[in-house]
Amino acid sequence: MLQQMKSWTKNREYYQNFKRAGKAAKWLTITAVTLGLTFAGGGMTAHASSLHTAKDGDTFYRLSKQYGVNLDKLMKANPSIEATNIYPGLKITIPGSVSINSTASAAPITSGKSVFTPSLNVFPQNKVVEAWGKTFNYSKTVSVKATAYSSAVSENGKWGAVDYFGNSLELGTIAVDPKVIPLGTKVLVTGHEHPGLPKKAFVAVARDIGSAIKGSRIDIYIPGSQASVKQFGIQDIKLYIID
């Protein structure tokens, strides 16, 4: 009887230790899956595509260096994102297996002219404008007064935070007077100043209208709180109607 009790006690301790080990292994597995990481050789590698939440100053070039991925592959993995429309909070897909480097260990971004350095150059004789290293042909320019709006209910009426076509508001949406700028017109916005907008220039599409938007005036949608968007005020903006 004593021998059976010793054996039962030993088996119970073994079973409890086995359960504890199993729980620990399961927790490590869940953690690894959640983070999408495999730790090997002292490095940190993310397998399969992962998401990066953009912050102020991010560009495709900077992210390619930070994550150690090919620039072309990074851009192809995000076909709906314009290089000039990367803004804080935007979700960017980082393709494939990548090495995650801290910003400090990433290759330094020089202050020299880079493909994705905020820039704006106009060549009126050829009707060409260059922004952020990308070249656009334009048909004409339009000088307008600009204001900005947020997704707040008080600014969008009963229809909510959607444009004229029912699509969710997003950076690059502008409200226009269709008699001046037809809906669907693609423009390069320049001359603005606001921390929630790309510097120098960004591509926008006339997708919205407003009762107060009449004549040579536009309203720019900016993601963020109503208070932060109000900081935009009224600005003199130059639009390039691009192809």
Side-chain angles (χ1 to χ4, degrees), residues 52-63 71 74-75 78-92 109 113-124 127-151 161 163-165 167-176 180-210 213 216-225 228-243:
H52 170 87
T53 301
K55 58 185 182 298
D56 189 39
D58 276 350
T59 64
F60 280 131
Y61 177 74
R62 180 185 292 272
L63 293 177
L71 179 59
L74 178 60
M75 294 181 70
N78 298 276
S80 63
I81 299 176
E82 292 278 355
T84 55
N85 268 6
I86 295 178
Y87 55 91
L90 182 67
K91 302 299 182 183
I92 299 174
I109 305 299
K113 189 173 182 179
S114 171
V115 173
F116 298 110
T117 298
S119 62
L120 179 65
N121 298 294
V122 183
F123 307 95
K127 286 204 167 182
V128 169
V129 57
E130 176 272 326
W132 290 68
K134 189 172 182 179
T135 301
F136 304 90
N137 295 314
Y138 69 91
S139 58
K140 66 176 182 178
T141 62
V142 181
S143 295
V144 298
K145 292 285 185 182
T147 51
Y149 67 114
S150 70
S151 58
D163 62 25
Y164 178 80
F165 301 98
N167 302 308
S168 297
L169 295 175
E170 60 182 6
L171 182 67
T173 296
I174 59 173
V176 300
V180 178
I181 302 174
L183 286 169
T185 300
K186 192 174 183 180
V187 302
L188 186 71
V189 182
T190 69
H192 56 280
E193 288 289 340
H194 191 276
L197 295 173
K199 297 178 180 179
K200 298 283 188 179
F202 67 96
V203 175
V205 181
R207 296 193 182 104
D208 210 358
I209 61 174
I213 309 303
S216 297
R217 182 179 168 186
I218 66 170
D219 210 11
I220 301 172
Y221 171 71
I222 301 178
S225 68
S228 67
V229 173
K230 280 185 176 180
Q231 295 174 13
F232 185 91
I234 301 175
Q235 300 185 21
D236 292 313
I237 300 296
K238 190 170 187 177
L239 305 177
Y240 291 83
I241 309 300
I242 58 179
D243 298 337

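- Checked by atom type, the side-chain pair K91/T53 shows a donor-acceptor distance below 3.5 Å.
- Closest of all the heavy-atom pairs between V189 and A204 is CG2-CB, 3.8 Å.
- A donor-acceptor pair shorter than 3.5 Å cannot be found between the side chains of D163 and Y221.
- In this structure, I174 CD1 and L169 CG are separated by 12.5 Å, a value rounded to the nearest 0.5 Å.
- Considering all non-hydrogen atoms of both residues, P198 and W132 come closest at CB-CZ2, 4.1 Å.
- The CZ atom of F165 lies 9.0 Å from the CD1 atom of I209; values are rounded to the nearest 0.5 Å.
- Taking both residues in full, the closest heavy atoms of L171 and P223 are given as CD1-CD, 3.9 Å, listed atom of the first, atom of the second, then distance.
- Here the closest heavy-atom approach between residue G133 and residue S119 is recorded as N-OG, 3.7 Å.
- Using a 4.5 Å cut-off on side-chain heavy atoms (C-beta onward), Y149 and T173 make contact.
- Across S150 and G224, no two heavy atoms sit closer than the pair CB-O, 3.9 Å.
- To the nearest 0.5 angstrom, E130 atom CD is 10.0 Å from L188 atom CG.
- In this structure, the separation between CG on L63 and CD1 on I86 is 6.5 Å, given to the nearest 0.5 Å.
- Rounded to the nearest 0.5 angstrom, R207 CZ and K186 NZ are separated by 9.5 Å.
- Test V144, D208, V187 against I218 for side chain to side chain contact (heavy atoms under 4.5 Å, CB included) and you get one pass: V144.
- With rounding to the nearest 0.5 angstrom, the OG1 atom of T190 is 6.0 Å from the CG atom of L120.
- In this structure the side chain of I220 never reaches within 4.5 angstrom of the side chain of V229, judged on heavy atoms.
- Between I81 and I92, the closest side-chain pair of non-hydrogen atoms falls below 4.5 Å.
- Counting heavy atoms from C-beta on, the side chains of H192 and F232 come closer than 4.5 Å.
- Between S228 and I222, the closest side-chain pair of non-hydrogen atoms is not below 4.5 Å.
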Distance-only donor-acceptor hits, side chain of residues 236-243, under 3.5 Å, sequence neighbours excluded:
residue: D236; atom: OD1; partner: K145; partner atom: NZ; Å: 2.7

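- Summarising the geometry of V142 relative to K140, their closest heavy-atom pair is CG2-CE, 4.3 Å, with the distance given to 0.1 Å.
- Counting only heavy atoms from C-beta outward, the side chains of H52 and D58 approach each other to under 4.5 Å.
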